[in-house]
Amino acid sequence: MTFDKKISRRLALGGIAAGALTTALPMRSAFAAKKVTIGFIYVGPRDDYGYNQAHAEGAAALKKMADVKIIEEEKVPETLAVEKSMESMINLDGASLIFPTSFGYFDPHMLKMAQKYPKVQFRHAAGMWDKAKHPANAGSYFGYIDECQYLSGIVAGHTSKSGKLGFVAAKPIPQVVRNINAFALGARSANPNATVQVVFTGDWSMPVKEAEATNNMIAQGIDVITCHVDSPKVVIETAERGGIMTCGYHANQSKLAPKGYLTGAEWNWSKVYTDFANQLQADKPLPNFVRGGLKDGFVKTSPYGALVGAEARKHADEVKAKMASTGVVIFKGPLKDNKGNEVIAPGKDYDQFDLWLEGMNWLTQGVIGSIS
Amino acid sequence: MASVETAAVPAGAGLGESLRRAAEAASVPLGSLVVAGLVFALFIWAVAGANPLEVYELMYTGGFGSWFSLQNTLQRAAPLILTALCTALPARLGLVIIGGEGALVLGGLAAAAMGLALHAASPLIVQLGMALAGMAVGAIWIALAGWLRQYRGVNETISSLLLTYIAIAILNQLVEGVMRDPASLNKPSTSHIGDANMIGLIPGTDVHWGLVFGVVACVASYVLMSHTTFGFAARMVGGNVRAARMSGLNVGLLTIVVCALGGAAAGLAGMVEVGAVHGRANGSLAIGYGYTGILVAFLARQNPLAIIPVAILLGGINASSGLLQRRLDLPNASVLVLQGIIFVLILAGETFYGRIRLFRRKEA
């Protein structure tokens with residue numbers, strides 16, 4: 001069981017504990033499938049080609065399960081509205097497990113509802129659930145998608161002719177910064193001279209600024225662009241129109257850029273949600289803190305586009321195979337930031353699940369841009 | 001905007017005349033609402049393939065059908081009542097201010113800053129300080145749009161909208177910079193003002209005190225605008241600026257003060273968001289309450305008292321959206337379509353004032 005293994009590693013680290021290690025009554029689960037109602041809440045539209053669509057695709061996988069009823073709400077803002085959505089799902093629809101999928105739903109909204117409804121389970125995407133501080137019926141899950149960004153970087157590094165790559169990013173927060181750094185490190189493992197120009201748009205959905213940033217990058221001679229915004233649609237389409245290549249994010253955007261789409265870093269939430277739903281139906285305790293990468297099936301990459309050459313495929317496939325078996329350490333010393341300061345000492349390795357990485361506030365060498 | 005002068009009953013008119021005006025003011029928007037309901041039913045049936053009766057039944061259940069749903073509605077209405085005043089008060093002067101979102105955002109930010117500065121004081125002092133800070137900053141923000149209009153000839157609609165973008169940029173800059181709580185990694189926010197300093201809920205309900213603030217502000221605005229010389233002067237400016245000047249009114253001061261009052265209401269809405277909901281200022285302040293407030297103000301025909309039921313109606317429509325999505329698989333956009341249809345038909349309904357024979361003034 002992937003969940004248990006992750007958790008025990010975390011326990012060993014002394015960082016996070018989970019109340020769900022003992023899988024009680026293992027024999028019962030095979031026969032008794034309880035009728036359950038599971039709620040999903042999205043901050044944007046379900047068909048945004050991005051963050052929300054990735055979660056909605058995961059939810060759609062549950063609709064095929066017997067005796068599982070899925071209820072969904074989209075475009076719910078990160079304020080009282082989401083508390084009311086959760087309460088309404090509980091009071092009017094009898095939901096017993098709720099996934100509020102946007103970061104801002106966690107504190108204070110989901111935590112408040114978890115306290116108010118102790119019999120309902122709440123699991124949040126990306127929140128930092130802490131046993132000491134947060135209710136036991138709450139929890140969080142997330143995937144190490146930076147592994148896929150690293151692979152995208154390898155492909156981009158090999159495929160770019162100018163060696164100049166671009167990254168359109170929303171906010172300079174650790175999750176985004178980690179993706180930028182992983183992409184840059186991947187690219188520089190393929191082409192040590194590659195650079196990654198970063199532009200922060202300031203918010204999760206800024207279509208005009210995203211298009212402007214993309215066009216400016218094209219004008220600078222950048223020929224591969226990726227992004228971390230809620231919906232990559234604008235970036236990918238603008239780049240395709242500008243005749244350059246793209247790596248996708250969140251979901252598969254190859255339809256938007258049939259010519260220039262190289263590969264992409266995608267979530268595979270159906271795996272995570274199916275595991276949770278199975279455990280809920282089997283009356284097993286749900287794990288509180290769940291993290292996983294490629295090896296655990298939490299994330300995946302888009303199939304290669306036609307422009308990806310044999311060398312790039314070989315290099316990326318090799319690393320991917322290693323990630324899926326023994327794992328790959330992306331962040332290891334010696335590593336300098338883009339101001340020349342050493343951020344990771346020689347010989348120091350940071351495993352993917354290391355909490356230090358979840359507070360990342362520096363850009364690696366080769367990244368052009370600043371986070372402050 | 002002369003048509004907003006519903007309260008101005010000509011001298012010498014009797015009780016019958018007042019009643020006639022009140023009946024007209026109530027039945028025209030209600031008629032528009034009924035027509036909007038029919039148009040939306042047609043839309044839902046033709047485009048989404050849902051049964052309109054079922055949709056309306058669910059909307060009632062989700063918005064008003066139970067104590068839980070009613071509280072859900074009231075909670076959503078609370079910020080709208082305050083932001084609607086930001087448009088409705090300056091409308092009495094003939095100004096179209098649409099910058100309530102900016103005043104709310106900066107009001108919330110100022111309230112959080114004040115709450116953090118005072119956090120060692122007693123909760124009542126902290127809350128009062130937060131409310132004053134929020135209202136003051138909101139007032140300055142909208143007064144700025146009024147000043148630009150009065151002394152620099154800048155269109156107040158455009159300037160208040162653009163000021164909103166500046167306000168959100170200031171919020172992001174400060175929250176991601178000097179005011180950031182270092183522990184707020186992936187959602188940059190200010191530090192928390194402390195649970196003891198939160199303004200809490202109206203006893204026996206799940207609704208925060210923002211609703212009461214809003215109702216009090218609406219009643220006070222009504223009294224101010226309809227029953228004081230200040231309000232009379234403001235309406236005079238709205239009716240005819242030149243006449244107002246000729247009669248010696250200080251038009252510039254009136255403009256700035258009324259804009260400031262509207263801004264203070266929106267700033268208070270921001271303070272409530274921080275003080276009752278989030279406990280800190282962050283990007284969640286800018287989620288569109290200011291813009292929905294514009295809709296509420298126009299639907300209420302800029303009448304402060306009418307804002308309360310209209311905000312509750314829109315709150316109910318929003319509260320029911322979730323249920324429509326969950327039960328009928330309708331997109332969230334369907335309730336936005338309903339709001340849009342209502343808005344257009346209420347505006348179109350304006351043309352019926354004075355044209356319906358039943359409500360015509362009887363010739364003596």
Side-chain angles (χ1 to χ4, degrees), chain A residues 37 39-47 69-93 95 102-109 112 116 126-128 142 170-178 200 202-204 355 358-361 371-372, chain B residues 58 61-62 65-69 71-73 75-76 78-79 168-169 172-173 175-177 180 182-189 192 195 198 206-208 210 272-273 276-280 282-289 315 318-327 329 331-333 335-336:
Chain A
T37 300
F40 286 87
I41 305 176
Y42 316 114
V43 74
R46 266 179 280 182
D47 49 357
K69 191 174 166 224
I70 298 302
I71 48 177
E72 298 171 279
E73 277 187 42
E74 61 177 355
K75 293 180 83 171
V76 179
E78 295 171 340
T79 179
L80 271 182
V82 71
E83 295 177 18
K84 292 289 127 188
S85 286
M86 287 187 252
E87 282 200 278
S88 182
M89 285 177 163
I90 297 164
N91 289 336
L92 303 181
D93 290 320
S102 183
F103 193 84
Y105 293 159
F106 184 67
D107 185 10
H109 312 297
K112 210 152 106 189
K116 189 165 175 187
M128 295 298 288
F142 211 54
K171 285 175 182 268
I173 59 168
Q175 268 172 28
V176 176
V177 169
R178 185 168 172 177
F200 292 101
D203 225 323
W204 294 107
L355 286 180
E358 305 212 10
M360 196 176 281
N361 60 357
I371 55 177
S372 53
Chain B
L58 277 180
T61 310
S66 63
W67 179 225
F68 167 77
S69 296
Q71 294 187 86
N72 186 351
T73 294
Q75 226 167 33
R76 287 169 198 259
I168 295 173
N172 284 337
Q173 176 70 26
V175 160
E176 286 169 20
R180 181 173 184 167
S184 64
L185 289 176
N186 283 315
K187 173 133 188 157
S189 310
H192 198 283
D195 283 332
M198 300 288 285
D206 204 18
V207 184
H208 58 63
V272 171
E273 280 294 291
V277 181
H278 300 290
R280 37 179 113 224
N282 57 35
S284 294
L285 285 173
I287 55 158
Y289 285 145
N318 286 332
S320 66
S321 162
L323 205 58
L324 290 183
Q325 292 185 48
R326 291 180 338 241
R327 297 281 171 85
D329 219 15
N332 171 63
V335 298
L336 298 180

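A, B, ... follow the sequence lines: proteins, then strands. Residue 1 opens every chain.
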Checklist entry - Is chain A contacted by the side chain of B:Asn332, its backbone, both, or neither, given a heavy-atom distance below 4.5 Å? => result both
Checklist entry - Are A:Glu73 and A:Val82 side-chain neighbours, meaning at least one heavy-atom pair lies under 4.5 Å? => result no
Checklist entry - Checking heavy atoms, do the side chain of B:Glu273, its backbone, both or neither come under 4.5 Å from chain A? => result side chain
Item to check | Beyond-backbone contact of B:Leu185 with A:Met128, side-chain heavy atoms, under 4.5 angstrom | outcome: no
Checklist entry - Which bit of A:Pro174 is near chain B, if near means a heavy-atom gap under 4.5 Å: side chain, backbone, both or neither? => result both
Checklist entry - For the candidates B:His208, B:Gln71, B:Arg327, B:Glu176, which exhibits the highest count of non-hydrogen atom pairs separated by less than 4.5 Å from chain A? => result B:Arg327
Item to check | Close side-chain approach of A:Phe200 and A:Ile371, heavy atoms under 4.5 Å | outcome: yes
Next on the checklist: Taking side chain as everything from C-beta outward and backbone as N, CA, C, O, which of these in B:Pro331 sits under 4.5 Å from a heavy atom of chain A? Side chain, backbone, both or neither.
Outcome noted: both
Checklist entry - Is there side-chain contact between A:Val43 and A:Trp204, with heavy atoms separated by less than 4.5 Å? => result no
Checklist outcome for this item: Answer key: most heavy-atom pairs under 4.5 Å with chain B among A:Ser88, A:Ala81, A:Gly104 is A:Ser88
Checklist entry - Which one of A:Glu74, A:Glu72, A:Lys75 satisfies the side chain to side chain donor-acceptor pair (under 3.5 Å) criterion with A:Tyr42? => result A:Glu72
Checklist entry - For B:Gln173, is it the side chain, the backbone, both or neither that has a heavy atom under 4.5 Å from a heavy atom of chain A? => result neither
Checklist entry - Between B:Asp329 and A:Arg46, is there a side-chain N and carboxylate O pair less than 4.0 Å apart? => result yes
Checklist entry - Quick one: what part of A:Asp107 sits under 4.5 Å from any heavy atom of chain B, side chain, backbone, both or neither? => result side chain
Item to check | Option in B:Val277, B:Asn282, B:Ile168 with maximal non-hydrogen atom pairs under 4.5 Å from chain A | outcome: B:Val277
Checklist entry - Where does A:Met89 contact chain B at under 4.5 Å (heavy atoms): side chain, backbone, both or neither? => result both
Checklist entry - Do B:His192 and B:His278 have their ring centres less than 6.0 Å from each other? => result no
Next on the checklist: Rounded at 0.5 Å granularity, tell me how far CD1 in A:Ile70 sits from OG1 in A:Thr37.
Outcome noted: 8.5 Å
Item to check | Segment of B:Ile287 engaging chain A (4.5 angstrom heavy-atom cut-off) | outcome: side chain
Item to check | Gap separating the CG atom of A:Leu80 from the CD atom of B:Gln75, nearest 0.5 angstrom | outcome: 4.5 Å
Item to check | Interchain contact, A:Asp203 with chain B, by part (heavy-atom threshold 4.5 Å) | outcome: side chain
Checklist entry - Which of the residues B:Asn172, B:Asp206, B:Thr61 is involved in the greatest number of heavy-atom pairs with chain A at under 4.5 angstrom? => result B:Asp206
Next on the checklist: Does any backbone or side-chain atom of A:Lys116 lie under 4.5 Å from a heavy atom of chain B? Answer side chain, backbone, both or neither.
Outcome noted: side chain
